[in-house]
Novice: 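Submitted below is the structure of interest, expressed as structure tokens.
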Amino acid sequence: MLLHDTLTRTDRPLHPLDGKTLRIYCCGPTVYGPAHIGNFRTFVVQDVFRRTVELGGTPTLHVRNITDVDDKTIRDSQKAGQTLGSFTAEWTAKFHADCEALNLLRPHVEPSAVAHIPHQIAMIEKLMASGHAYKAEDGSVYFKVGAFHEYGALSHLEKREIRLGAAQTDSDEYSKESMADFALWKARKDEDGVNFWASPWGEGRPGWHLECSAMILEYLGTEFDLHSGGVDLIFPHHENEIAQSCCSTGGKFASHWFHIAHLMVDGGKMSKSLGNLFTLADLQAKGYTAAEVRYVLISGHYRAPLNFTFHTLDSARQALQKLAKHEASLRAKYGAGGAPKYDDLIRHGSAGVFADAWALLTNDLNVPGALGAVFGAIKDADSTAFDVETAKSRWMDLHFVLGALGVILPEAQPDAEAPAEVVALAEQRWAAKQSKDWAAADKFRDELAALGWTTKDSKTEYKLIPL
RNA sequence: GGCGAGGUAGCAAAGUGGUAAUGCACUGGUCUGCAAAACCGGUAUGCGCGGGUUCAAUUCCCGCCCUCGCCUCCA
């Protein structure tokens, strides 16, 4: 598999460093409210990546953290009158529910920042010992950016070209030696309330960047295969992680960087003030399914901004319907039951007739190209002409590709229960039609429409459909 | 100002040094009493603008315009 690497800005092949398992770290959510669909674009794309790697025959070790201590979680838990722990547990549960609805594979490890404070303190101690960090007057500990010469390699800043402006004067951080330095440990403040921990430098809490470095070291080691997140994390978050980790372990840290572009809404940035910041629940309340949302989120290449609109959601519904119909026709021929399990797909191990789509997918995760190839292959296939064996193998191949994309096909609509009144009208219409009384038949059809129903006729029977 | 991503049909979105996938929408046909559904077709002489290189550029180079993101804790 070929994947673009942010650090080298080239497409590079992925091979597990240990020759067996691809070790992946993804920056997870800060649990202080519902994740929005922009957040989920990143997680969904990471999920497609993981599935593609695994279906391609390489097992993964997927670690994604939960950030459950920072300014916002502390502030909003207090506002809600809850302890930090119960507040973040609630939002973590909500996040998990959304992940499941969106068909995201669960990470193998999902560590929380609060549960790894000692690991973070240990990392700071190493950085202090090696002279990469210093304690400021207020008890905070900062990383000395000037002591790490490779700083800026990921975001391609030769030096930190800090734009001078009012935003730079954060009163909390007046004690830093240099503007570029960032907090490893934040000294306790009154507004933190009970949310502080003991450390060799006094009471306080860890800085944001540190948790990822500490948990990566714990679960993936000093060097691992791939680190991922939204493009906004390139700087400063990932840059800072590199600095902390490399200076404390002497290792090289991530060998590949995978960043996902942002989701836009109506051509612009999502924001609460514009009222265009949607959560999964918002869209479900409008009648869309998580499967449709997922389809939209993968429908653009991950390195290009994706514009989200309700029109694209509507097209996703139709596109999924088209895939479902093809799948159903193969299944009917083959006589199979439900969709194969993910593990069955891994054993299957081949995209078969969808090899073109698979090739696109494994070339820098070209999902839109792959989807196009799937539709193209479907179009050229007359499923009624397949024999049972062909139908069976194509059915499995189709599920293999859809399994990599994590696409869930809509269930066939169960026949709706029509009220007796509607059934009676439909019977009358059918009788009129059988006696070729078209005027009467059309009249009954109009009356059905007025009640919100229509019919689909075949030669021998009709079916009632709600409008 | 620095760094980065992007500008392709009504909408969305791939792609390529040799003449533009795919989905939605629209539209023609088959089917139907007419429809619906389904199926089969059609729809960009054109890929932000202007130059250049080349036998040939949407694809490479240069300049310009526009959109979006990051520039200290936003996926």
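Chain identifiers are assigned alphabetically (A, B, ...) following the order of the sequence lines, protein sequences preceding nucleic acid strands; residue numbering begins at 1 within each chain. In this text the structure is predicted, and so the values were computed from the model without any measurement.
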Novice: Output yes when A:Asp71 and A:Arg205 qualify as a salt bridge under the 4.0 Å nitrogen-oxygen rule, no when they do not.
Specialist: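 The answer is yes: the pair qualifies as a salt bridge.
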Novice: For A:Thr455, which contact category applies under a 4.0 Å heavy-atom criterion: base, sugar-phosphate, or nothing?
Specialist: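 Here A:Thr455 touches the bases of the nucleic acid.
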Novice: Parallel, tilted or perpendicular: which fits the ring planes of A:Phe278 and A:Phe308, with parallel below 30° and perpendicular above 60°?
Specialist: tilted
Novice: With rounding to whole Å, what would you report as the distance between B:G63 and B:U72 at their P atoms?
Specialist: 29 Å
Novice: For A:His311, which contact category applies under a 4.0 Å heavy-atom criterion: base, sugar-phosphate, or nothing?
Specialist: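 Base: the residue A:His311, judged by heavy atoms under 4.0 Å, touches a nucleobase.
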Novice: To the side chain of A:Phe182, which of B:U72, B:A75, B:C68 is closest?
Specialist: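 Given the options B:U72, B:A75, B:C68, the side chain of A:Phe182 is closest to B:U72.
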Novice: Could A:Asp5 and A:Arg12 be called an ion pair, given the rule that one side-chain N must be under 4.0 Å from one carboxylate O?
Specialist: yes
Novice: Could you please name the option among B:A75, B:U22, B:G33 that lies closest to any side-chain atom of A:Ala441?
Specialist: B:G33
Novice: Between B:U72, B:G23, B:A35, spot the one nearest the side chain of A:Pro236, thanks.
Specialist: B:U72
Novice: By the 4.0 Å heavy-atom rule, please label A:Ser155 as base, sugar-phosphate, or nothing.
Specialist: sugar-phosphate
Novice: Between B:A12, B:A75, B:C71, which nucleotide gets closest to the side-chain atoms of A:Thr312?
Specialist: B:A12
Novice: Could you tell me how far B:G42 sits from B:G33 if I compare only their C1' atoms? Round to whole Å.
Specialist: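 B:G33 and B:G42 have their C1' atoms separated by 28 Å.
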Novice: Distance between the P atoms of B:G46 and B:G41, in whole angstroms?
Specialist: 26 Å
Novice: When we call it a touch if two heavy atoms are under 4.0 Å apart, what does A:Lys456 touch: a base, just sugar-phosphate, or nothing?
Specialist: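 If one applies the 4.0 Å heavy-atom cut-off, A:Lys456 turns out to touch a base.
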Novice: Within 45 degrees of the axis of the six-membered ring of A:Phe386 and under 6.0 Å from its centre: does A:Lys333 put its NZ or CZ there?
Specialist: no
Novice: Expressed as a whole number of angstroms, how long is the span from A:Leu448:CG to B:A35:C1'?
Specialist: 13 Å
Novice: Step through it carefully: locate the ring centre of A:His116, locate the ring centre of A:Tyr219, and say whether they are under 6.0 Å apart.
Specialist: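 Ring centres of A:Tyr219 and A:His116 closer than 6.0 Å.
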Novice: Would you mind checking if A:Asp457 and A:Lys463 are paired as a salt bridge, meaning a charged N to carboxylate O distance below 4.0 Å?
Specialist: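 No salt bridge links A:Lys463 with A:Asp457.
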Novice: Can you check whether A:Arg9 has a side-chain N or O nearer than 4.0 Å to OP1 or OP2 of B:G4?
Specialist: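 For A:Arg9, the contact criterion (side-chain N or O under 4.0 Å from OP1 or OP2 of B:G4) is met.
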Novice: Under a 4.0 Å threshold between the charged nitrogen and the carboxylate oxygen, would A:Asp192 count as salt-bridged to A:Lys189?
Specialist: no
Novice: Between B:C11, B:A75, B:A5, which nucleotide gets closest to the side-chain atoms of A:His36?
Specialist: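 Looking only at heavy atoms from C-beta outward on A:His36, the closest nucleotide is B:A75.
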Novice: Can you tell me the distance, in whole Å, between the CG atom of A:Leu361 and the P atom of B:U22?
Specialist: 19 Å
Novice: Categorize A:Gly300 for me: base, sugar-phosphate, or nothing, with a 4.0 angstrom heavy-atom threshold over every strand shown.
Specialist: sugar-phosphate
Novice: Relative to the 5' end of RNA chain B, which residue comes earlier, A:Leu371 or A:Ser299, by the nucleotide with the nearest heavy atom?
Specialist: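 Upstream on the strand: A:Ser299.
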Novice: Taking OH from A:Tyr462 and C1' from B:G33, how many angstroms apart are they, rounded to a whole number?
Specialist: 18 Å
Novice: Using the C1' atom as the point on both nucleotides, what is the distance between B:U53 and B:U45, in whole Å?
Specialist: 23 Å
Novice: For A:Thr67 and A:Glu211, test the side chains for any donor-to-acceptor distance below 3.5 angstrom and give the result as yes or no.
Specialist: yes
Novice: Would the A:Phe182 and A:Tyr142 ring centres measure less than 6.0 Å apart?
Specialist: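 No, ring centres 6.0 Å or more apart.
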Novice: Under 4.0 Å from OP1 or OP2 of B:A37: is there any side-chain N or O of A:Lys325 that close?
Specialist: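 No, because none of the side-chain N or O atoms of A:Lys325 sits under 4.0 Å from OP1 or OP2 of B:A37.
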Novice: Calculate the interatomic distance between A:Tyr302 atom OH and B:A75 atom C1'; express it in whole Å.
Specialist: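 These atoms are roughly 15 Å apart.
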Novice: Does A:Asn307 have a side-chain nitrogen or oxygen under 4.0 Å from the phosphate oxygens OP1 or OP2 of B:A12?
Specialist: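 Yes.
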Novice: Take atom C1' in B:G48 and the same atom in B:A57, then report the distance between them in whole Å.
Specialist: 16 Å
Novice: NA contact type, A:Leu233, heavy-atom cut-off 4.0 Å: base, sugar-phosphate, or nothing?
Specialist: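 Sugar-phosphate, backbone atoms only, no base.
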Novice: Roughly how many Å is it from CG in A:Leu320 to C1' in B:U22, rounded to a whole number?
Specialist: 14 Å
Novice: Considering only the P atoms, how many Å lie between B:C60 and B:G7, rounded to the nearest integer?
Specialist: 12 Å
Novice: Looking only at atom C1', what distance separates B:U43 and B:U27, rounded to whole Å?
Specialist: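 Taking atom C1' in both B:U43 and B:U27, they lie 8 Å apart.
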Novice: How would you label the contact of A:Asp314 with the nucleic acid (heavy atoms, under 4.0 Å): base, sugar-phosphate, or nothing?
Specialist: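 If one applies the 4.0 Å heavy-atom cut-off, A:Asp314 turns out to touch nothing in the nucleic acid.
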Novice: Any side-chain N or O of A:Asn366 below 4.0 angstrom from OP1/OP2 of B:G15?
Specialist: yes
Novice: Remember a base hit wins even if backbone is also touched, and classify A:Leu263 as base, sugar-phosphate or nothing at under 4.0 Å, heavy atoms.
Specialist: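 The residue A:Leu263 makes base contact.
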Novice: Flag the pair A:Lys94 and A:Glu90 as a salt bridge only when some basic side-chain nitrogen lies within less than 4.0 angstrom of an acidic carboxylate oxygen.
Specialist: no
Novice: Take atom NZ of A:Lys379 and atom C1' of B:G42, then tell me their distance rounded to the nearest Å.
Specialist: 10 Å
Novice: I want to verify a distance call: between B:U72, B:C34, B:A12, whose nearest atom is closest to the A:Arg445 side chain?
Specialist: B:C34
Novice: Quick one: which of B:G33, B:G23, B:G6 gets closest to the side chain of A:Lys322?
Specialist: B:G23
Novice: With heavy atoms under 4.0 Å as the rule, sort A:His301 into base, sugar-phosphate or nothing.
Specialist: sugar-phosphate
Novice: Say you pick atom C1' in B:C31 and the same atom in B:A44; how far apart are they, in whole Å?
Specialist: 31 Å
Novice: Charged N to carboxylate O below 4.0 Å: is that the case for A:Lys79 and A:Asp76?
Specialist: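 Looking at A:Asp76 together with A:Lys79, the answer is yes, because their closest N to O distance falls below 4.0 Å.
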Novice: Can you check the A:Leu210 CG to B:U72 C1' distance for me, whole Å?
Specialist: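 Spelled out: CG on A:Leu210 to C1' on B:U72 is 15 Å.
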Novice: Atom CZ of A:Phe375 and atom C1' of B:A25: how far apart are they, to the nearest Å?
Specialist: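 The distance from CZ of A:Phe375 to C1' of B:A25 comes to 15 Å, rounded to the nearest Å.
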Novice: Nearest of B:G69, B:A13, B:C68 to any side-chain atom of A:Pro368?
Specialist: B:A13
Novice: Please list every stem that involves RNA chain B, where a stem is a run of 3 or more consecutive Watson-Crick or G-U wobble pairs with both pairing distances under 3.5 Å.
Specialist: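 So far as stems of 3 or more pairs are concerned, RNA chain B shows B:1-7 with B:65-71, B:10-12 with B:22-24, B:26-30 with B:38-42, B:48-52 with B:60-64.
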Novice: Looking at B:U32, B:G33, B:G6, which one has an atom nearest to any side-chain atom of A:Lys459?
Specialist: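 The listed nucleotide nearest to A:Lys459's side chain is B:U32.
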Novice: From the set B:A12, B:G6, B:U72, return the single nucleotide nearest to any side-chain atom of A:Ala180.
Specialist: B:U72
